[in-house]
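Read the structure below first, then the notes.
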Amino acid sequence: MPSLARRSLYRRLLWTSLSTILAVWLVLFAWFYWEVTRVGSGYLDGDLRGLARSLGTVYSADIKTGERVRIVDQLIGQFGHGYSEKPPLRSELAYRIVDKRQHLLAVSNTWPELELPIRADAPANQGRWRILMVDAVDAPVQVQLAVARSFVQRVQAEILVFFLMPLIAAVPIIMLLLRVGYGRALQPLALLASTITSRDVQSTAPLACPDPEYQELRPVFNSVNELLSRLATFREGEQRFFADAAHELRTPLAAIGAQVHLLARAESEQERAALAALLDASIARSGELVGKLLTLSRLDAESAQVRSEPFDLAALARVALSRHVPHALARNINLAYDGEQALPCRGDASAMDGLLDNLLDNAIRYCPDGASINVEVNAGFASARLAVLDDGPGIAPQWREQVLKRFVRLPDNTVTGSGLGLAIVKRVVELHGGSLLLTDGLNGNGLGVEIRLPRSMMAEEA
Ligand SMILES: Nc1ncnc2c1ncn2[C@@H]1O[C@H](COP(=O)(O)OP(=O)(O)OP(=O)(O)O)[C@@H](O)[C@H]1O
Ligand SMILES: [Mg+2]
């Protein structure tokens, strides 16, 4: 039995069914109660009217007085047996019969209690009596009949008991039947739960539906299977990523090993210095690669939510450019900034900084000496534009999609690198809800990296 503190589908079904049954029961009760006892047209008043008519007939007919009293007594005695276990007492029924000229023909000894005469055609409640006046159209007499309200109340109470008793008796039986029925009906759900929990954690193969005929289970199965297939793709990607990362790390580590080996055997100070410089570069490369792997794993983390802090995109771009000036100068590369003086934005400033570093690093790394690199920042209507353009060798259109993937580098690359820079750029743009496009660069040459960031990311200008 599930604990009461926890929400239970099963209990919910049980209560819904039970309250529906109770509601229907209540409606039936109200309807029956009303049908029997409603004033004027209810069954009780209908029967009273019948009795009044019979009394009228008895007093219109030519019958001996003794016989008449006996028949009246019998009629009164028979009334109301169907309504209550205890038919109305003599003191609960009163009548008064008059002729057309209002001469009294007969009156029960209970009648004087009532205020007389009663002038109404409709039934009325007066004090403890419910009075009905019947004018028999074809009879020369008028009959006034009254039934005590205590009798009507008894009838009402008995109707209530009549409905309540079976209800009280039936509720536990209904509960038991529903419990057994729902327990059986919900069994496929329990089976589904055990199928899922008994799965091997390593397995991402689609789940086989144990009860395929239940259409309610289909959507659950479909979504679990969709999740499993997404998980399979994710795991495949992750495995590939680990394999590629290990492979990429092995290269500089192998170089470090060889360099250390050579360094130990170096014969001259000059050779030692040259090998130390190579060793230093290899270590720096490994460090850079590990740094990029860490950045990507941080950006990939399920909880990777882009920070939303205010920053100036134009200022950020200019500072990033100035950081790369020494490298550019060494290669006689011309760096330029073009665009807004200030562009207030909201987002992850340090991630955007990393993005700019990767793009500028690529442009300087892959462009020949003397090349030009432009960084442009513009405020558009619905988005902000950030572009890094160069006039270097560029990337052929068929490779532009590919190089955004992790560890993908152009085949004829002579410069070292791990193939992670553009993947990081793509992920940062994704996390900011923006778009990334690789196109032609300056004057139709080189590479242009066009980034659009949604306007919502931009801060409201003060
Ligand atoms: N501005 C550019 N001009 C020409 N080719 C480029 C340019 N930027 C990137 N590429 C090509 O795209 C490939 C992928 O670039 P990416 O930045 O992802 O990796 P990487 O520069 O090789 O290594 P990493 O950035 O991880 O050190 C590069 O290897 C290079 O061939
Ligand atoms: Mg790069």
Side-chain angles (χ1 to χ4, degrees), residues 15-60 71-97 108 110-111 113-139 141-175 177-178:
W15 288 125
T16 311
S17 312
L18 206 62
S19 45
T20 311
I21 291 170
L22 286 178
V24 171
W25 215 296
L26 216 72
V27 168
L28 280 177
F29 163 72
W31 173 73
F32 193 69
Y33 186 90
W34 179 74
E35 270 296 342
V36 172
T37 62
R38 84 185 126 136
V39 176
S41 49
Y43 288 125
L44 185 63
D45 280 3
D47 281 358
L48 272 173
R49 215 171 270 122
L51 175 62
R53 267 196 296 273
S54 303
L55 291 178
T57 315
V58 170
Y59 272 88
S60 327
I71 295 174
V72 167
D73 206 45
Q74 200 180 359
L75 284 172
I76 298 281
Q78 279 170 353
F79 179 79
H81 281 261
Y83 289 97
S84 161
E85 298 240 310
K86 273 204 286 175
L89 303 170
R90 290 295 161 131
S91 58
E92 287 177 318
L93 215 57
Y95 62 90
R96 181 175 178 269
I97 303 163
S108 66
T110 41
W111 190 261
E113 274 188 48
L114 297 168
E115 272 177 36
L116 295 172
I118 300 151
R119 285 269 159 252
D121 291 335
N125 287 318
Q126 187 184 346
R128 67 179 203 92
W129 292 93
R130 174 131 146 204
I131 301 139
L132 203 72
M133 190 144 66
V134 177
D135 257 321
V137 182
D138 47 354
V141 296
Q142 185 196 55
V143 179
Q144 288 176 331
L145 202 54
V147 63
R149 274 219 287 209
S150 56
F151 175 67
V152 180
Q153 280 159 2
R154 215 157 60 234
V155 171
Q156 288 169 335
E158 278 186 28
I159 293 173
L160 188 69
V161 171
F162 173 78
F163 271 85
L164 213 60
M165 290 313 280
L167 180 65
I168 290 171
V171 163
I173 299 171
I174 293 173
M175 290 269 278
L177 290 176
L178 286 178

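Below, all heavy atoms of this structure are taken into account, side chains as well, without hydrogens, waters or symmetry copies.
Atom CG of Leu44 sits about 9.0 Å away from atom CD of Gln156, to the nearest 0.5 Å. Distance check: Gln144 CD to Leu55 CG gives 12.0 Å after rounding to the nearest 0.5 Å. Atoms CD and CD, from Gln78 and Gln74 in turn, are 5.0 Å apart once rounded to the nearest 0.5 Å. Between the CG atom of Leu75 and the OG atom of Ser54 there is a distance of 5.5 Å, given to the nearest 0.5 Å. Rounding to the nearest 0.5 Å places CE of Met175 at 12.5 Å from CD1 of Ile173. Taking CZ of Phe162 as the reference point, atom OH of Tyr33 lies at 15.0 Å (rounded to 0.5 Å).
Minimum interatomic distance between Ala170 and Trp25 (heavy atoms only, all atoms of both residues): CB-CH2, 4.1 Å. The shortest heavy-atom contact between Ser60 and Val141 is OG-CG2, 3.8 Å. Phe151 and Lys86 make their closest contact through CE1-O, 3.9 Å (heavy atoms, listed as atom of the first residue, atom of the second, distance). Heavy atoms only, all atoms of each residue included: Arg154 and Ser84 are closest at NE-OG, 3.9 Å. Residues Pro87 and Phe79 share a closest heavy-atom pair of CB-O, 4.1 Å. In this structure, Val58 and Ile71 approach most closely via the heavy-atom pair CG2-CG2, 3.8 Å.
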Could you walk me through whether Asp73 and Arg90 pass side-chain contact (heavy atoms from CB on, under 4.5 Å), step by step?
-> CA-CA 10 Å; Asp73 206 45; Arg90 290 295 161 131; 2.5 Å; yes
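Heavy-atom contacts from other residues, nucleotides or ligands closer than 6.0 Å to CZ of Phe29 number more than 12.
Glu92 places no side-chain N or O within donor-acceptor distance of the main-chain N or O of Ser150, the cut-off being under 3.5 Å.
The shortest side-chain heavy-atom distance between Leu167 and Leu22 falls under the 4.5 Å cut-off. Residues Val152 and Tyr83 fail the side-chain proximity criterion, which asks for heavy atoms closer than 4.5 Å.
Ile97 pairs in a side-chain contact (heavy atoms from CB on, under 4.5 Å) with only one of the listed residues (Val143, Val72, Leu145), which is Val143.
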